[in-house]
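Have a look at the structure below before the remarks.
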Amino acid sequence: MGFPVDLTELMCEERGLKLDMKGFEAKMEEEKELSQAAYLEKMAGGSGKDMRLVAEQTSHLVGKGVDATDDSAKYVWNEDLEGCTVKALFIGRNETEDGIGFVDSISKENGAIGVVLDKTNYYGESGGQTFDIGSIKTSSGATIQINNTQIYGSFVLHLGEVREGSVTVGDAATCCVDYVRRAPIAANHTMTHILNFALKDVLVTKSTEDQHGVTVDQKGSLVDENKLRFDFSWNGPLTAEQLAAVEQICVGQINSAIPVDNFVAPLDAAQKISSLRAVFGEVYPDPVRVVAVSPTPITSILENPQDGQWNSYSVEFCGGTHLKNTSEAEGFVLLSEEGIAKGVRRITGVTMKDAAIATAAAAEFEAKVTEAGKVDGLELEAQVKLLTVELEGLSISAAKKMQLREMIGAFGKQVVAWKKKHAAEQTSKVCDQVVEAAGSTEGNKVVVRCDFGLDGKVAKAVTTAYGKKIKDKALFLVSADESADSFLVIAFAPKGMKDVDCKAWVSAATEGTGGKGGGKKDSAQSRVPGVGSIGGVLEKARSF
């Protein structure tokens, strides 16, 4: 779905094909429906209810005199918000006689419910940042588990279930946010800002290529407790060196323990900051909240907004929750970089414990790769196969994965070189054996067993070399692979020999063995299952 449909259509036309646009549009509509269904399911918390506040519900609240939710406390950390008042209780659209869905009281029996308060410290899902979860406790002793927080107009809707007691409109309440869960969300959000800065720094500011007129613009983002995802404009995949440089800047800013400041400033004044990174086409409020990853407070930056030193730090408009210092992110790993549409790339990364896990996994795997480099031959070939599969399934630094892939690739080249050398040595050894057998055999046929496995290339090389040295005797060669429980049968007649039919020879010797093969009069072969039948095949070959 990410590949541009116009390019697909053009490619089809170039190849004399026609794009099924109706089918494409139908599939797109199906995907939209699936996405909408998934969204409704998330809102309903598995209850099957429609828990959205649409125009009908928000108008009802305004008509009842419910004021906008004051969510300014969402930026406060590690404190419960006391003194809240329950303003509205929602059990779902079409769940009441009037269809609007609001009731005066709720309990466990209502299942999925929504609560609107006069004020809250919960962060409602917005700006690419996921919602807060936690609990709400009322003065009457009720407890509501909050699993989702959404913003509808000027109202914050806390979605969840009553776990204990009952709740009535007008009850006093305390909001208890799960700050342990919020911590990695904030870390991922702050590092998304730093990642935005790092991408511009590596791809544009410090690029050795002419990037006149080229920019790196944010095209979307998503941050939750598990990862950060950042979409940006760029014309192609980043190289391993670019990915490593971006990751290094992010890690460096964490290690530098840089303060993360925020300040609400007049929009006009904030837009004058030289290093400001704003989303193209986004309409920002006035005043606007500015977030800066900088040792200099935003108030000081605003005093001299065009100072070039601000270009060394991330400055953005943002309403999300952030760390107080970059060191709180603990670590950063850039897991992947991929294209999602024409001119749009996507980076996924992790922080805190997830970054530590990814870093440890990379170190552990690198140790395996280093250890594999101490062996050679078939043992190294087996290691290359295992390591290649394992690497692709690892969740580690994308730059490190590329580096490790190159190391394994180098081992693969070593295996190829070893195989060529081994095959040459094996060919020479087998050739010496068959030539020696030919010298001690009377008549015009030589029957010999020399085990070199089932390698057809070795067999071809042996018969070619044999033909150059022996001109008057046809060769019947058997090579077994005990581990595969099968063997190879090759018959070859040197150029000029007309009295031996190799195809008939192989066919007669392998009759009844289940062997499969073919050939011509001067050269034929067959692969036969079961090494136990080698003796009989050799005996038939000698009596042919």
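Salt-bridge formation is not detected for the pair Glu247/Lys400: no Lys NZ or Arg NE/NH1/NH2 atom is positioned less than 4.0 Å from an Asp or Glu carboxylate oxygen. Contact check on Asp178 versus Arg182 returns no salt bridge, with no Lys/Arg side-chain nitrogen under 4.0 Å from an Asp/Glu carboxylate oxygen. Ionic pairing of Asp201 and Lys206 is present here: one or more N-O contacts between side-chain nitrogen and carboxylate oxygen are shorter than 4.0 angstrom. Between Lys374 and Glu371, at least one side-chain nitrogen of the basic residue sits less than 4.0 Å from a carboxylate oxygen of the acidic one, meeting the salt-bridge criterion. The pair Arg405-Glu392 meets the salt-bridge criterion, since a charged nitrogen lies less than 4.0 angstrom from a carboxylate oxygen.
For the pair Thr58 (side chain) and Gly153 (backbone), a donor-acceptor distance under 3.5 Å is absent. Formation of a donor-acceptor pair under 3.5 Å by the Gln218 side chain with backbone atoms of Ala278 is not found in this model. Although no hydrogens or angles enter the test, the distance criterion places no donor-acceptor pair under 3.5 Å between the side chain of Asn196 and the main chain of Ser314. Judged by distance alone, the side chain of Lys137 and the main-chain N or O of Cys176 form no donor-acceptor pair under 3.5 Å. Without hydrogens or angle criteria, Asp224 side chain to Thr130 main chain gives no donor-acceptor distance under 3.5 Å. Side chain of Asp261 to main chain of Pro297: no donor-acceptor pair is present (N/O by atom type, distance under 3.5 Å, no hydrogens or angles). In this structure a side-chain-to-backbone donor-acceptor pair under 3.5 Å is present from Arg289 to Cys318. The backbone N or O of Gln253 lies less than 3.5 Å from a partner atom in the side chain of Thr326, making a donor-acceptor pair. At least one donor-acceptor pair closer than 3.5 Å links the side chain of Asp132 to the backbone N or O of Tyr123. Side chain of Asn121 to main chain of Ala73: no donor-acceptor pair is present (N/O by atom type, distance under 3.5 Å, no hydrogens or angles).
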Margin query: Pair Tyr122, Cys175 - check side chain to side chain contact (heavy atoms under 4.5 Å, CB included), show working.
Written below: CA-CA 8 Å; Tyr122 278 79; Cys175 290; 3.8 Å; yes

Checklist line | Stepwise side chain to side chain contact (heavy atoms under 4.5 Å, CB included) test for Phe332 and Thr351 | finding: CA-CA 5 Å; Phe332 173 80; Thr351 61; 4.2 Å; yes

Item checked: Working for side chain to side chain donor-acceptor pair (under 3.5 Å), residues Asp71 and Thr69 -> CA-CA 6 Å; Asp71 64 352; Thr69 309; over 6 Å; no

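For the pair Ile144/His158, no side-chain contact is recorded, criterion being any heavy-atom separation below 4.5 Å from C-beta on. Counting only heavy atoms from C-beta outward, the side chains of Leu387 and Phe365 approach each other to under 4.5 Å. Residues Val350 and Leu335 form a side-chain contact, since some pair of their non-hydrogen atoms from C-beta on lies under 4.5 Å apart. A 4.5 Å side-chain heavy-atom check between Arg277 and Val216 finds at least one atom pair inside the cut-off. Counting only heavy atoms from C-beta outward, the side chains of Phe155 and Val62 approach each other to under 4.5 Å. Contact check for Phe230 versus Leu199: side-chain heavy atoms found under the 4.5 Å cut-off.
Classification of the Tyr179-Trp77 ring pair by plane angle, with boundaries at 30° and 60°, yields tilted. In this structure, His193 and His322 have perpendicular ring planes: the angle between them is above 60°, well past the 30° mark.
Among residue pairs with one or both ends in residues 292-304, those qualifying as side chain to side chain donor-acceptor pair (under 3.5 Å) are Asn304-Asp307; sequence neighbours excluded.
Judged as a side-chain contact (heavy atoms from CB on, under 4.5 Å), and not counting sequence neighbours, the contacts of Ser105 are Thr168. Scored by the side-chain contact (heavy atoms from CB on, under 4.5 Å) test, Ala245 finds Val202 as partners (sequence neighbours excluded).
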